[in-house]
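The structure under discussion appears below in the form of structure tokens.
Keep in mind that what you see is a predicted model, and the values were worked out from it rather than measured.
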Amino acid sequence: MKGSETKLVSYMQGSDKRFIIPVYQRNYDWKTENCKQLFDDLIKVVKRRQNSHFFGSIVSVHNDGEFNEYLVIDGQQRLTTISLLLLAMYKLMKNGILIPVKANLAEKIYKTYLIDEWQDDDTRIKLKPVKNDRNAFRKLFDEESEYLPDSNLTINYNYFYSRIQNKEVTLDELYDAVTKLEIINITLNQDDNPQLIFESLNSTGVALSEGDKIRNFILMGLSARQQNDFYEKYWHKIELCTDYNVSMFIRDYLRVKQQSINAMSMVYFSFKAFVEESGTEIEALLQDLLNYAKWYETLLKGNTADKELNSCIYRLNRLETTVIRPFFLEVLRLQSANKISLDDVKEIFLYTESYLFRRTICNIPTNGLNGIFLMLHREIIRYDGTESSYVNKFKYALLSKSDRGKFPDNTEFVEAFRARHVYQMNRKNKIYILERLENYGTVEAQNVYSQFDNGTYSIEHIMPQHLTPAWIKELGENYKEIYDKWLHRIANLTLTGYNAEYSNKPFMEKRNVKNGFASSHLYLNNWISKQEHWGLAELEARSRILEERALAIWSLPVTEFKPVEKQMDCYALDDDIDFNGRSLIQFSYKNTVHGVGSWIGMVEEVLKILHAEDRSVLVKLAYSEGEGSDLAAYVSNRAEALRNALQIDNDIFIEKSNSTSTKISMLRKLFKAYGANEEDLVFYLKK
């Protein structure tokens, strides 16, 4: 490896040079704000008469051949952006819009940094971006082609083309500023490891996504031919299937494979460890990723052969329920293997939708859902060790959950549905509720979502939010009680495209006015249009109608499946239940089961695991002498400082004479101190 400080223009100049962006690199993604910062910096170079300005590093592999080629491992964003700036300068001069002092400046820029005048067609252009960007870049050179307007290259080129015309500096001054950009030019040889160097770089600009890092990790060590083959055959298809959000996809892929929850910032390192530990061959890994990416595409786009299932997927995406995707990936895998049918898949998806919505209406906290859906497939298989009768076991698994994991029954759901102030829920939830109530059970569905998105539909309070004398008379002597109780409930809400016309008009005017309830084509307004009055009786009657419809839409599953063996209760550390008096059978941490049958034994083993990963936490607590943290009272470097000491390390002791609830509280605080995920620690208890 050779590294030296040099001018960027020195690195770029030479008609025979070619700068190749390898296919494993990300697409060009500098934004306008990045280009603005660069241009502002160049202005400062001119105004302050600076001799140089550091522009980061460029790491490349030099290949001799027909052309003097440099494979750009890092720095493509900067190199591409400067090329766009120089091209914009050249075009402004060529088109006669701006005239430089130096008569040959346009030709110098074009032939020194942008093209090789001795070559024909595409080989003339010195910079070769990755596939999706190459066409956009080529069109910027071609006077007869239309630019690709949605490409970042075109957007940034247009920014430079426009801003240069502001004449904040002259073209000559701008070019001189570019020549003062300095880089660290790092050229690798055959003995260097590009991946290790790539990982250690701390370059400026837009940070690589976790997906970018993973692509580089997979492809970088391969030959140039394999890189191109695998990119075309696998990786580019993975990008398309995941709508280019590869980072989120691989996070869910790892949840399936590792049964653990990773922070987004740790996805690359977790994936790298997963690959290295599994020893999977690269092509087999890419094939597996592509298989899951195709199922992931189904979860994003609802591209199945069943319209009802596609609609369910669309609704779940509108609700942003990404927590269920790892489980759904396994369900789609089973369908792909012909182990369950498409109808089975639809049933699972619809009951999952019911489960999530009933919990939302009943205001059950969502922080346990990650763990539930992470482990759900394994839980279903664990009942009898097979994938047979999968749907029935799925139903049993959800119905058997309690506390924060429970599936609300019909009584609890109806009571909550009746009393919930739906209008005060967040926008996505209340639109979802009205869409389902409107479209359930009909093939003549209204596109409620798009009508809300374009501003046509809005939510109408039948009894208005601001009572007029006419409405006070309509409601009767108990108007205040009725108003306070029913205003934002579902019984008083409907859809309309004429909210402004309705305003606070009396009920009969709302019903009979042009485009009023009586002429509405919406299901939700059908019953309303037949009423002669709107008061407590009508509100209660409509509430009962909508409650019955809700029970049909968000139904409770029924199954006769019963596991052969009595199951244990299963809770994670973050579950809000009272563990006092409960008997621990075993626990698992990061999906490794430990056969420890006592609470203190569990605490000892968990702390030893955490301490092995990071010694600093317990050491700091042990030597704090009880100051600065309520945890310090339970940890010491001396056994005699505690009532009943349990040794974790040579000089680390914890207090073990305390209640189960105190142990749980201590663990939660320690997990926070370690930055560990409470959902990774799961307790298995006697029923």
- Item | Check against side-chain contact (heavy atoms from CB on, under 4.5 Å), L85 and Y157 | CA-CA 7 Å; L85 173 61; Y157 166 83; over 6 Å; no
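- Under the 4.0 Å criterion applied to side-chain N and carboxylate O atoms, K111 and E117 are assigned as salt-bridge partners.
- Looking only at atom types and distance, the side chain of N291 has a donor-acceptor partner in the side chain of Q287 under 3.5 Å away.
- Proximity of the aromatic rings of Y70 and H62 is defined here by a centroid distance below 6.0 angstrom, and this criterion is met.
- Taking A673 as the reference, V617 meet the side-chain contact (heavy atoms from CB on, under 4.5 Å) condition, with sequence neighbours excluded.
- Judged by distance alone, the side chains of Y28 and T81 do bring a donor and an acceptor atom under 3.5 Å apart.
- Side-chain contact check for F269 versus F274: every heavy-atom pair is 4.5 Å or farther apart.
- For K128 and E69, the salt-bridge test fails: no basic side-chain N is under 4.0 Å from an acidic carboxylate O.
- A heavy-atom distance below 4.5 Å is found between the side chains of L42 and L174.
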- Query: Does the side-chain contact (heavy atoms from CB on, under 4.5 Å) test come out yes or no for T170 and L98, once each step is laid out?
  - Reply: CA-CA 9 Å; T170 67; L98 294 176; over 6 Å; no
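- In this structure, the side chains of L290 and L286 stay at 4.5 Å or more apart for every pair of heavy atoms.
- Checking T179 against D176 by side-chain atom types alone, no donor-acceptor pair falls below 3.5 Å.
- Of the possible donor and acceptor atoms, none in the side chain of K672 sits under 3.5 Å from a partner among the backbone N and O of N677.
- A salt bridge does not link E146 to K139: none of the charged nitrogens lies less than 4.0 Å from a carboxylate oxygen.
- The heavy-atom pair separating L607 from I648 by the smallest distance is CB-CD1, 4.1 Å.
- Proximity of F137 to L127: side-chain heavy atoms (C-beta onward) are separated by under 4.5 Å at one or more points.
- Looking at Q165, its side chain does come within 3.5 Å of a backbone N or O of Y161 through a donor-acceptor pair.
- Residues H594 and T592 share a closest heavy-atom pair of CD2-O, 3.0 Å.
- Among all heavy-atom pairs drawn from N156 and K31, the shortest one is OD1-C, 3.8 Å.
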- Apply side-chain contact (heavy atoms from CB on, under 4.5 Å) to the pair L573 and R668, showing each step before the final yes or no. CA-CA 7 Å; L573 179 59; R668 286 171 177 159; 3.8 Å; yes
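- Panel note: side chain T321, backbone L316; a donor-acceptor pair is recorded below 3.5 Å.
- Judged by distance alone, the side chain of D243 and the main-chain N or O of E239 form no donor-acceptor pair under 3.5 Å.
- Considering every non-hydrogen atom in both V45 and K180, the closest pair reads CG1-CD, 3.9 Å.
- Minimum interatomic distance between I164 and A88 (heavy atoms only, all atoms of both residues): CD1-CB, 4.1 Å.
- By the 6.0 Å and 45° rule, K17 stacks over the aromatic ring of Y11.
- With hydrogens and angles disregarded, no donor-acceptor distance shorter than 3.5 Å links the side chain of S60 to the backbone of V72.
- Distance check: M264 CE to R251 CZ gives 5.0 Å after rounding to the nearest 0.5 Å.
- Counting heavy atoms from C-beta outward, I58 and D74 have side chains that stay 4.5 Å or more apart.
- Using a 4.0 Å cut-off between charged side-chain N and carboxylate O, E210 and K213 make a salt bridge.
- N104 CG: more than 12 foreign heavy atoms inside a 6.0 Å radius.
- A salt bridge links R18 with D116: at least one charged nitrogen is closer than 4.0 Å to a carboxylate oxygen.
- Rounded to the nearest 0.5 Å, atoms CD (Q76) and CH2 (W30) are 11.0 Å apart.
- No donor-acceptor contact under 3.5 angstrom links the side chains of N166 and R163, judged on distance only.
- Between E283 atom CD and D229 atom CG the span is 9.0 Å, to the nearest 0.5 Å.
- Remark: side-chain polar atoms of S270 are paired, donor with acceptor, to backbone N or O of M266 under 3.5 angstrom.
- For Y292 and Y296, the gap between ring centers reaches or exceeds 6.0 Å.
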- Yes or no on side chain to side chain donor-acceptor pair (under 3.5 Å) for N245 and T242, after CA distance, side-chain angles and deciding distance? CA-CA 5 Å; N245 193 349; T242 62; over 6 Å; no
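- With hydrogens and angles disregarded, no donor-acceptor distance shorter than 3.5 Å links the side chain of N185 to the backbone of V59.
- In this model, a donor atom of one side chain and an acceptor atom of the other lie less than 3.5 Å apart for N370 and R255.
- Between the side chain of K428 and the main chain of L319, a donor-acceptor pair closer than 3.5 Å is present.
- Counting heavy atoms from C-beta on, the side chains of L670 and L621 come closer than 4.5 Å.
- Judged by distance alone, the side chain of D172 and the main-chain N or O of V101 form a donor-acceptor pair under 3.5 Å.
- Salt bridge R318/D453: present, at least one basic N to carboxylate O contact under 4.0 Å.
- Under the 4.0 Å criterion applied to side-chain N and carboxylate O atoms, K36 and D40 are assigned as salt-bridge partners.
- For the 3.5 Å distance criterion, the side chains of N303 and T298 qualify, holding a donor opposite an acceptor.
- From Y113, atom OH reaches atom CZ of F19 across 11.0 Å, with rounding to the nearest 0.5 Å.
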- Message: The test is side-chain contact (heavy atoms from CB on, under 4.5 Å); show your working for R333 and H377 and say whether it passes.
- Response: CA-CA 11 Å; R333 178 184 62 79; H377 173 72; 3.5 Å; yes
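- F271 pairs by the ring-ring contact (aromatic ring centres under 6.0 Å, His included) definition with nothing, not counting sequence neighbours.
- Nearest approach of M89 to I109, heavy atoms of both residues: CE-CD1, 4.0 Å.
- Between the side chains of Q258 and Y253, no donor-acceptor pair of N or O atoms lies under 3.5 Å.
- Atom CG of N135 sits about 13.5 Å away from atom OH of Y147, to the nearest 0.5 Å.
- Remark: side-chain polar atoms of T112 are paired, donor with acceptor, to backbone N or O of K108 under 3.5 angstrom.
- The distance from atom OG of S83 to atom OH of Y90, rounded to the nearest 0.5 Å, is 14.5 Å.
- Between E605 and K608 there is no salt bridge, since none of the side-chain N atoms of the basic residue sits less than 4.0 Å from a carboxylate O of the acidic one.
- You'll find the side chain of N34 stays beyond 4.5 Å of the side chain of Q77, heavy atoms only.
- Ion pairing between a basic and an acidic side chain is recognised when a charged N comes within 4.0 Å of a carboxylate O; D288 and K257 show such pairing.
- Taking 4.5 Å as the limit, every side-chain heavy atom of T322 sits out of range of all side-chain heavy atoms of M248.
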- Item | side chain to side chain donor-acceptor pair (under 3.5 Å) evaluation trace for T280 with S278 | CA-CA 5 Å; T280 307; S278 66; 2.9 Å; yes
